[in-house]
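A quick write-up on the structure given underneath.
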Amino acid sequence: MAFSFEDLKVYQAALTWNDRIYKVLEDLGTKCSRSLKDQMERASISIPLNIAEGNGRWHKGEKRQFFWIARGSSFECVALVQILAKRGLISESVRAEMYSDLEGVSKMLSALIRSVEQLEQRKS
């Protein structure tokens, strides 16, 4: 692949998550408010976008900051998934699958952040 971030497992997982949420939101149709759908779309797309942008930065601190933002967006998606479930818009099994996907993405992002921090410490 032409860009190094495309090979990252976390980036691929974020793209997979993004596909999943778009299908879920599409299936919801008009049962879900436009604002809730918009917030979920923006939070979910923020994850791969910030991974990509972070990888394009030279300074380790900037990289780390973009990865933190991606991680924060994954946490935001967790809350949004819980809201969808509480409103009865998704089943418990769908909620559990989505939660598990987000847990995996956030763990990979945490590992990515730690690796950047370790690189910074070695250079200090």
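Please read all numbers here as calculations on a predicted model, not as lab measurements. Reckoned from all heavy atoms, side chains included, excluding hydrogens, waters and symmetry mates.
Considering only residues two or more places apart in sequence or on other chains, Leu49 meets the side chain to side chain contact (heavy atoms under 4.5 Å, CB included) condition with Ile45. By the salt bridge (charged side-chain N to carboxylate O under 4.0 Å, His left out) test, Lys9 is found to be paired with no residue, residues two or more places apart in sequence or in another chain being considered. Partners of Arg57 according to the side-chain hydrogen bond (donor to acceptor under 3.5 Å, both in side chains) rule, which considers only residues two or more places apart in sequence or in another chain, are Glu53. In terms of the side chain to side chain contact (heavy atoms under 4.5 Å, CB included) criterion, residue partners of Phe75 (sequence neighbours excluded) are, by chain and number, Arg71, Ser106. Listed by chain and residue number, nothing satisfies the side chain to side chain contact (heavy atoms under 4.5 Å, CB included) test with Glu26 (two or more places apart in sequence, or in another chain).
Environment of OH in Tyr99: sparse, with no more than 12 heavy atoms of neighbouring residues, nucleotides or ligands closer than 6.0 Å.
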Could you list the donor-acceptor pairs under 3.5 angstrom formed between side-chain atoms of residues 78-90 and any protein atom two or more places apart in sequence or on another chain?
none

**Request:** Could you walk me through whether Ile113 and Trp68 pass the side chain to side chain contact (heavy atoms under 4.5 Å, CB included) test, one step at a time?
**Result:** CA-CA 7 Å; Ile113 292 164; Trp68 274 114; 3.6 Å; yes
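When every heavy atom of Phe5 is checked against every heavy atom of Tyr11, the shortest pair comes out as O-CB, 3.3 Å. Scanning both residues, Asp101 and Trp17, for their nearest heavy atoms gives CB-CE3, 4.1 Å. Pairing each heavy atom of Arg20 with each of Met98, the nearest pair is CD-CG, 3.8 Å. Of all heavy-atom pairs spanning Lys63 and Gly54, the tightest one is CG-O, 3.0 Å.
Put simply, CD1 on Ile21 and OG1 on Thr16 are 13.5 Å apart, with the number rounded to the nearest 0.5 Å. One distance of note links CD of Glu62 with CZ of Phe67; it measures 11.5 Å at 0.5 Å rounding. Here the straight-line distance linking atom CZ of Arg64 with atom NE2 of His59 works out to 8.5 Å at 0.5 Å rounding. Note that the OG atom of Ser44 and the CG atom of Leu25 stand 7.0 Å from one another [nearest 0.5 Å]. Asn18 CG to Lys23 NZ: the interatomic distance, rounded to the nearest 0.5 Å, is 10.5 Å.
Looking at Asp38 and Arg42, a side-chain N of the basic residue comes within less than 4.0 Å of a carboxylate O on the acidic one, giving a salt bridge. Of the charged side-chain nitrogens involved, none lies within less than 4.0 Å of a carboxylate oxygen, so that Glu41 and Lys37 do not count as a salt-bridged pair.
For Ser115 (side chain) and Leu112 (main-chain N/O), a donor-acceptor pair under 3.5 Å exists by modelled atom type.
Considering only heavy atoms from C-beta on, Leu36 stays 4.5 Å or farther from Met40 through its side chain. Side chains of Phe66 and Ile51 form no contact here, defined as non-hydrogen atoms less than 4.5 Å apart. Residues Ile47 and Leu109 meet the side-chain proximity criterion, which asks for heavy atoms closer than 4.5 Å.
Of the residues Leu15, Val105, Val10, the one that meets the side chain to side chain contact (heavy atoms under 4.5 Å, CB included) test with Pro48 is Leu15.
Checking Gln39 against Glu76 by side-chain atom types alone, a donor-acceptor pair falls below 3.5 Å.
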